[in-house]
Amino acid sequence: MLVMGVDIGSAACKCVILKDGKEVIAKSVIPLGTGTVGPKRAVDEALAESGLTKDDISRVLVTGYGRFVFDGADSQKSEISCHARGVAFLLPSTRTIIDIGGQDIKVIKINEKGHFDSFAMNDKCAAGTGKFMEAMAAILNVKVWELGEISKASTAEVSVSNTCTVFAESEVVSILSSNEKLEDIVAGIHRSVAKRVAALAHRNGIIKDVAISGGVALNEGVVKTLSEELKTEVLATPDCQIAGALGAALLAWEELMQQQ
Ligand code: ADP
């Protein structure tokens, strides 16, 4: 039997099709957030990848910021429950999840069953989020997915002290005019994000193992500097961005089993 999880975020829409509650048979990520054609494209792409139609899917569960305006689901759950379940499936030793998405940062503590115990979130500010990374990439005239690779060449990290997106943009423009190397500026940006995220994580307290989810987790530079700031290895997987959609599919499966 097949179920689907859909995660409608502020920056990207993700979809996972799960077979028999344990096997991912299709996944999609569309870099368009809620209020766009992103949700439909994410679902269509996952169906096309698996050669299935909507009629083959027994249950659909939606999560994410845009879940209340999606009408193709049987039920909905919060991103916190879904990320908890998804990350516990991908990285079972995780007890603290740091989810960095398009517009927020969440620190979620979970138990061994993938149920969340507590969580903390950043204030309503783009600092340290995916939007911040996108703004920095635009100022530096590179793509957001290139930042991690660029930072690997850094030998002398430049300090970027402003965490506010607007002030950091001006600061980076001024650093650029002082002829610093691109890789050293990018490494400084990663440090600034990692410090901000680590401060939130420490406020809530962390329990090992710590894992990162959300699209920003695809940036190896952020994972590395966050590990340094937290003084513990932060676990990451290439599937970190679909963790919420995967958790939604796992919860859809649980609901389906309860109905039987
Ligand atoms: P949301 O669920 O809030 O829509 P996501 O968890 O999907 O957000 O993360 C989206 C963010 O991830 C983007 O704003 C971007 O900064 C970052 N991102 C997406 N793809 C990559 C990538 N390949 N490398 C680095 N960062 C990425």
Side-chain angles (χ1 to χ4, degrees), residues 5-16 27-43 45-46 62-70 76-87 90 97-108 119 121-122 124-140 142-152 163 165 168-169 186-187 189-190 192-194 196-197 211-226 234 236-249:
V6 186
D7 179 3
I8 303 178
S10 63
C13 291
K14 286 76 68 177
C15 181
V16 165
K27 55 192 174 187
S28 62
V29 177
I30 304 293
L32 295 169
T34 183
T36 68
V37 292
K40 183 177 182 317
R41 278 184 44 195
V43 170
E45 204 171 278
V62 65
T63 188
Y65 181 67
R67 66 187 182 277
F68 298 109
V69 291
F70 181 77
Q76 59 89 14
K77 283 257 157 58
S78 77
E79 296 109 287
I80 298 157
S81 304
C82 292
H83 271 273
R85 204 54 72 86
V87 174
L90 294 167
I97 302 166
I98 297 177
D99 172 39
I100 313 181
Q103 65 172 20
D104 56 30
I105 306 162
K106 300 186 193 79
V107 178
I108 307 166
F119 91 102
M121 201 166 148
N122 63 322
K124 287 220 170 301
C125 164
T129 67
K131 288 277 178 245
F132 178 87
M133 299 308 293
E134 285 176 26
M136 294 302 113
I139 290 277
L140 296 170
V142 297
K143 303 291 179 205
V144 76
W145 58 86
E146 294 172 331
L147 293 171
E149 194 57 38
I150 291 169
S151 68
K152 284 185 187 163
T163 50
T165 311
E169 277 176 344
V186 175
I189 290 168
H190 291 161
S192 139
V193 169
R196 169 125 190 143
V197 174
I212 183 166
S213 68
V216 175
L218 293 169
N219 180 330
E220 289 171 57
V222 170
V223 179
K224 177 177 162 283
T225 42
L226 188 56
V234 173
T237 108
D239 280 333
C240 54
Q241 196 175 10
I242 58 141
L246 172 60

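All residue numbers refer to positions in the sequence shown, counting from 1. Numbering of ligands and ligand atoms starts at 1, following listing order. No experiment lies behind these values; they were computed from the predicted model shown.
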Keeping [X] on the side-chain end and [Y] on the backbone end, is there a donor-acceptor pair under 3.5 Å?
X     : Y     : result
Arg67 : Gly64 : yes
Ser28 : Ala42 : yes
Thr63 : Glu79 : yes
Lys14 : Ala12 : yes

Specify the protein heavy atom at minimum distance from [atom]: its residue, its atom name, and the distance to 0.1 Å.
atom                    : value
atom 8 (O) of ligand 1  : Gly102 N, 2.9 Å
atom 23 (N) of ligand 1 : Trp145 CB, 3.3 Å
atom 16 (O) of ligand 1 : Gly130 O, 3.0 Å
atom 17 (C) of ligand 1 : Gly215 C, 3.7 Å

Is any side-chain heavy atom of [Y] closer than 4.5 Å to one of [X]?
X      : Y      : answer
Met136 : Glu169 : yes
Asp7   : Ile242 : no
Leu218 : Cys240 : yes
Phe132 : Ile189 : yes

Problem set entry | Any Ser10 heavy atom less than 4.0 Å from ligand 1 | yes

Exercise. Do Leu218 and ligand 1 have an N or O pair less than 3.5 Å apart?
Worked result: no

For this session: Please determine if Gln241 has a nitrogen or oxygen closer than 3.5 Å to a nitrogen or oxygen of ligand 1.
Result: yes

Identify, by atom number and element, the atoms of ligand 1 in contact range of [X], meaning under 4.0 Å from any of its heavy atoms.
X      : answer
Gly9   : 1 (P), 2 (O), 4 (O)
Val144 : 16 (O), 25 (C)
Gly214 : 6 (O)
Ala11  : 1 (P), 4 (O), 10 (C), 14 (O)
Ala12  : 4 (O), 7 (O)

Seminar exercise, completed: Of Glu149, Glu146, Lys14, Glu134, the one whose closest heavy atom lies nearest atom 13 (C) of ligand 1 is Glu134

Exercise. Is a side-chain donor-acceptor pair under 3.5 Å present for Ser213 with His83?
Worked result: yes

